[in-house]
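Notes to accompany the following structure.
The sequence lines fix the lettering, A, B, ..., with proteins before strands; numbering per chain opens at 1. Remember, it's a predicted structure, so these values are computed and weren't measured experimentally.
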Protein chains: 2
Amino acid sequence: MKKESAKPSPHGEKRRSACVCINLRSMSRAVSQIYDDALAPAGLKVTQFSLLRAIERLGPTPVGALADDQELDRTTLTRNLALLERDGLVEQSPGADKRTSLARLTRAGSAAIARALPRWENVQKELRRTLGAETLAQLSDLRAKVSGAAKAIVTGVH
Amino acid sequence: MKKESAKPSPHGEKRRSACVCINLRSMSRAVSQIYDDALAPAGLKVTQFSLLRAIERLGPTPVGALADDQELDRTTLTRNLALLERDGLVEQSPGADKRTSLARLTRAGSAAIARALPRWENVQKELRRTLGAETLAQLSDLRAKVSGAAKAIVTGVH
DNA sequence: GTAGAATGGGAGTATATACACCCAATCCCG
DNA sequence: CGGGATTGGGTGTATATACTCCCATTCTAC
């Protein structure tokens with residue numbers, strides 16, 4: 001079905017095409033800046049905050065499990081973890097299986113979370129107020145759908 | 001041991017918190033990989049494809065206008081443009097105002113778009129099929145809302 | 001007309017992200 | 001037990017992204 005929502009003037013003015021990916025990337029950038037600005041006084045980026053919270057939630061965790069949790073490439077997680085380690089927020093030590101490397105929070109890491117958490121909550125609240133709870137719920141739904149769809153498409157189910 | 005404020009988790013099991021930003025970043029990554037995979041045979045990433053199409057749509061354009069169009073930081077756009085220039089897909093030349101630098105497509109740039117376009121359209125179609133047209137419409141709405149909200153929040157309306 | 005403001009653009013630096021490849025430990029079979 | 005397959009991780013390289021400075025041109029008062 002080609003019935004679209006009110007395509008404004010197909011002639012005359014050229015329009016940005018609605019690329020799903022570009023829409024998502026644009027939103028991601030805009031919202032990330034809001035969070036990063038809010039967390040800056042706590043010395044964290046939103047990505048770092050999220051990773052610290054995952055480690056807090058999961059306890060001492062091998063790198064691969066963290067990567068799965070964050071839906072990040074394992075090697076990306078390695079780099080992100082290295083920055084937190086450099087700043088003394090996280091420690092790594094070998095696990096029982098000597099291939100694994102377990103990440104855990106340091107005291108400074110817990111402190112950083114404590115500093116950042118209220119700021120993060122403020123942004124969440126602000127966005128809820130600005131966008132509305134339903135929109136945010138839609139967003140969560142969407143993530144689930146998109147995760148599923150992405151997996152299906154990438155693993156070659158067409 | 002439940003250590004924190006009471007109720008957000010109804011199951012007692014530790015849950016990933018629904019961070020708006022992390023949701024968006026995760027979706028953005030997943031979907032970008034779908035597009036990048038699809039466009040790889042055409043030698044483009046989705047970001048590059050999008051930028052080329054913007055230049056095609058806008059004609060010879062100063063860097064700042066391109067950045068506004070893509071809702072990207074100007075300096076980010078400079079770097080992205082440099083890669084396309086390196087690959088011979090885009091040329092820059094000074095404008096009437098000698099401060100400006102106008103970007104335009106080369107023949108190779110147009111050819112790259114032509115190679116990539118059907119692949120891009122396939123992904124759009126595939127996502128429309130997988131996620132449904134309404135979901136995609138929601139996504140476009142959301143981008144508008146988020147853009148507005150982000151601008152309001154960043155420019156200090158709190 | 002000229003000095004300072006404003007504007008357009010780039011460079012240095014830093015983080016986030018992923019792919020291809022490599023290494024070490026463990027596992028699984030014969 | 002021994003050797004290939006598997007698994008867990010890291011490195012090299014590349015792109016995307018943005019912030020802080022910095023430079024050149026243009027504009028605006030005066």
Subject >> A/E56 versus A/S110, side-chain donor and acceptor atoms under 3.5 Å >> reply: no
**OP:** Examine the side chains of A/E91 and A/T106 and answer whether a donor and an acceptor come within less than 3.5 Å of each other.
**Re:**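 Side chains of A/E91 and A/T106: no pair found under 3.5 Å.
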Original post:
Can you find a pair of side-chain heavy atoms, one from B/V20 and one from A/L139, that are under 4.5 Å apart?
Top reply: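 Yes, at least one pair of side-chain atoms sits under 4.5 Å.
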Subject >> Residue pair A/K45 / A/L39, side-chain heavy-atom distance below 4.5 Å >> reply: no
Round to a whole Å and report the spacing from [atom1] of [X] to [atom2] of [N].
X	N	atom1	atom2	result
B/D37	C/dC19	CG	C1'	10 Å
B/L84	D/dT15	CG	C1'	11 Å
B/L77	C/dG8	CG	C1'	13 Å
B/L52	D/dA16	CG	P	11 Å
A/R29	C/dA16	CZ	C1'	14 Å
A/K98	C/dA24	NZ	C1'	11 Å
A/D73	C/dC21	CG	P	15 Å
B/I34	C/dA18	CD1	C1'	15 Å

Original post:
Considering only side-chain heavy atoms of B/R25, which listed nucleotide, C/dT17, D/dT11, D/dC19, is closest?
Top reply: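 So the side chain of B/R25 is nearest to C/dT17.
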Original post:
Between C/dT26, D/dG10, C/dG8, which nucleotide gets closest to the side-chain atoms of A/R99?
Top reply: C/dT26
Assign [X] to base, sugar-phosphate, or nothing according to its heavy-atom contacts below 4.0 angstrom with the strands shown.
X	value
A/T75	base
A/T76	base
A/D36	nothing
B/R74	base

Subject >> Positions of residues 104-115 of chain A (non-hydrogen atom under 4.0 Å from DNA chain D), listed by number >> reply: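 Output list: empty, so none.
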Considering just the side-chain nitrogens and oxygens of [X], establish if one lies under 4.0 Å of OP1 or OP2 belonging to [N].
X	N	value
A/T100	D/dG8	no
B/T47	D/dA16	yes
B/Q70	D/dT17	no
B/N80	D/dT17	yes
A/Q33	D/dC19	yes
A/Q92	D/dG9	no

Subject >> Residue whose closest nucleotide on DNA chain D lies nearer the 5' end, B/R86 versus A/G64 >> reply: A/G64
Original post:
How far apart are the closest heavy atoms of B/V46 and A/C21, and which atoms are they?
Top reply: CG1-SG, 3.8 Å
Original post:
For A/R119 and A/A38, which heavy atoms make the closest approach, and how far apart are they?
Top reply: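 A/R119 and A/A38 have their closest heavy atoms at CD-O, 3.2 Å.
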**OP:** Using only heavy-atom distances, decide whether a donor-acceptor pair under 3.5 angstrom links the side-chain of B/R79 to the base of C/dG9.
**Re:** no
Original post:
Is the closest basic N to carboxylate O distance between A/D69 and A/R57 below 4.0 Å?
Top reply: yes
Original post:
Any ion pair linking A/E71 and A/R143 (charged N to carboxylate O, less than 4.0 Å)?
Top reply: yes
